[in-house]
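For reference, the structure discussed in these notes is given below.
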Amino acid sequence: MIVTERFPGKELAYYRALKRRTALPAKEEKNLAVLEKGYRGEYEYDRVFDETGHSSVFVFRDIYLRIGGSVAQYDCLVVSDDGIVVNEIKNYSGLYCYDRGKWYIRDSQVSEDALAQLRRAVGKLVKLRYQVRGQFDITGKIVFPNIEFRLQTNDEELWENVVLRSGLRNYLLQFKNLYAGRVAEEIAELIRGHIVPNPYFDKCADFDVLRKGLYCGSCGGFELENRKYHLVCESCGSKETKETHIIRAISDYKALFLNEKLTKKRFVEFIDYKVSPRTVLRMLNIYCERTWNGAFTYYDFKYQNFEDAYVNSNRLWRYKDYNLKYE
DNA sequence: AACGGCCGCCGTTGCCATAT
DNA sequence: ATATGGCAACGGCGGCCGTT
């Protein structure tokens with residue numbers, strides 16, 4: 001069963017939201033593409049794992065663990081009575097060569113060393129196990145979920161530590177035979193106790209240079225006709241409720257201004273007063289946790305992101321979206 | 001200088017009319 | 001029935017000002 005769900009990370013969410021409202025410099029555009037590709041790989045891995053089934057084990061997706069003063073990121077941890085399996089997911093594509101600790105694609109060396117990362121990730125957990133005098137196994141694999149990935153190496157140790165797309169289904173199927181009882185519960189509890197938010201990303205966008213307003217969820221256009229209940233995109237004709245637009249904007253605001261409080265005043269400025277402040281306030285009170293602070297009342301989005309709020313807010317939508325993208 | 005009452009500011013809420 | 005938004009009332013807080 002899934003203990004922690006995977007969401008697009010802070011950095012990916014930040015650049016996605018930023019791209020909507022500014023022109024990204026080439027360097028950031030490239031960074032965004034790398035992040036998107038990585039996320040697609042994790043998504044593919046999750047998809048196959050969901051298909052093969054994980055009901056008998058505990059699965060942690062995309063977590064950061066603070067162990068002994070430093071924080072390590074884990075793409076996926078599988079916990080059973082046997083112990084912990086670490087999966088480091090790399091969505092590489094193309095022909096990669098590995099030779100004595102170095103990775104190459106075509107003639108250039110790859111900056112990261114997946115095997116070293118896996119060893120570090122496992123090593124951190126070994127340290128944690130030592131701290132609690134635990135008695136369980138910790139193993140790991142590098143998973144390459146991209147069908148276009150080819151690996152060339154004579155290194156036996158590496159081959160023992162990788163799972164290719166062709167073998168992914170079979171690899172994940174083995175977890176069906178594992179069992180999570182009392183021991184697994186304890187390990188899962190131990191892991192849960194060390195989870196921290198991603199400490200490595202704390203960028204904050206420049207409010208003043210961002211394009212203000214609301215944009216179409218289908219084509220991204222900012223030219224919207226303001227009707228009652230709906231905003232209609234003037235370029236593609238998609239019609240979305242004001243509620244949908246506001247949720248999307250709250251989600252973007254959260255991704256863009258990590259260190260900034262969300263206040264109503266700031267928010268209506270962010271959406272360029274496209275929806276009446278009265279309605280905005282109602283939405284904030286539905287989708288956010290409010291903290292009273294005298295003149296400085298602020299709101300915290302209850303959901304991970306737009307999709308999370310859109311799908312998991314259990315409200316009946318009297319007025320529907322007519323978004324061409326999803327039809 | 002310290003205290004306290006008054007007032008205005010600003011954000012929130014209640015209520016209502018209206019559109020769908 | 002429900003979403004929206006206008007309007008007015010409400011309430012917390014800080015500043016102002018007069019009194020002690």
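Letters A, B, ... mirror the listed sequences (proteins, then strands); counts begin at 1.
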Can you figure out which of C/dG6, B/dT18, B/dT13 approaches the side chain of A/Asn285 most closely? B/dT13
What integer distance in Å separates A/Ile286:CD1 from C/dT2:C1'? 12 Å
Pairs flagged by ring pair (Phe, Tyr, Trp, His ring centres under 6.0 Å) wherever residues 50-87 of chain A is involved - sequence neighbours left out: A/Phe49-A/His54
Using every non-hydrogen atom in the two residues, find where A/Thr52 and A/Lys176 come nearest and quote the distance to one decimal. O-CD, 3.1 Å
Rounded to whole angstroms, how far apart are CE on A/Met283 and C1' on B/dG11? 18 Å
Taking any heavy-atom pair under 4.0 Å as a contact, classify A/Tyr299: base, sugar-phosphate, or nothing. sugar-phosphate
Please identify each residue that fulfils salt bridge (Lys or Arg N to Asp or Glu O under 4.0 Å) with A/Glu148, with sequence neighbours left out. none
Between A/Lys264 and A/Arg282, the residue closer to the 5' end of DNA chain B by nearest nucleotide is A/Lys264
Taking it one step at a time, do A/Arg211 and A/Glu223 satisfy salt bridge (Lys or Arg N to Asp or Glu O under 4.0 Å)? CA-CA 12 Å; A/Arg211 176 152 192 192; A/Glu223 305 306 321; 3.4 Å; yes
Given atom NZ of A/Lys265 and atom P of B/dC10, what is their separation to the nearest angstrom? 7 Å
Given that A/Leu281 and A/Lys228 both sit by DNA chain B, which one's nearest nucleotide is further toward the 5' end? A/Leu281
Establish, from distance only, whether the side-chain atoms of A/Ser93 and A/Lys37 form a donor-acceptor pair under 3.5 Å. yes
Report yes if at least one side-chain N or O of A/Lys242 is closer than 4.0 Å to OP1 or OP2 of C/dG5; otherwise report no. yes
A/Leu262 atom CG is separated from B/dG11 atom P, nearest whole Å, by 13 Å
May I ask you to say what A/Arg290 touches in the nucleic acid, namely base, sugar-phosphate or nothing, with a heavy-atom cut-off under 4.0 Å? sugar-phosphate
Through what angle, rounded to 10 degrees, does the axis of the helix from B/dA1-C/dT20 to B/dT20-C/dA1 turn between its ends, using five pairs per end? 10°
When you compare the side chains of A/Tyr287 and A/Glu243, does any donor N or O come within less than 3.5 Å of an acceptor on the partner? yes
Taking OH from A/Tyr229 and C1' from B/dA17, how many angstroms apart are they, rounded to a whole number? 11 Å
Length of the line joining A/Tyr298:OH and B/dT12:P, which is rounded to integer Å: 14 Å
Whole angstroms only, please: what is the OH-C1' distance between A/Tyr273 and C/dG5? 17 Å
Starting at CD of A/Glu269 and ending at P of B/dG11, how long is that distance when rounded to a whole Å? 11 Å
Heavy-atom donor-acceptor pair, A/Arg278 side-chain to B/dG14 base, under 3.5 Å: yes
Check whether A/Arg16 reaches the backbone of A/Glu11 with its side chain - one donor and one acceptor, N or O, closer than 3.5 Å. no
Side chain of A/Thr279 only, heavy atoms from C-beta on: which candidate in B/dT13, C/dG5, B/dA19 is closest? C/dG5
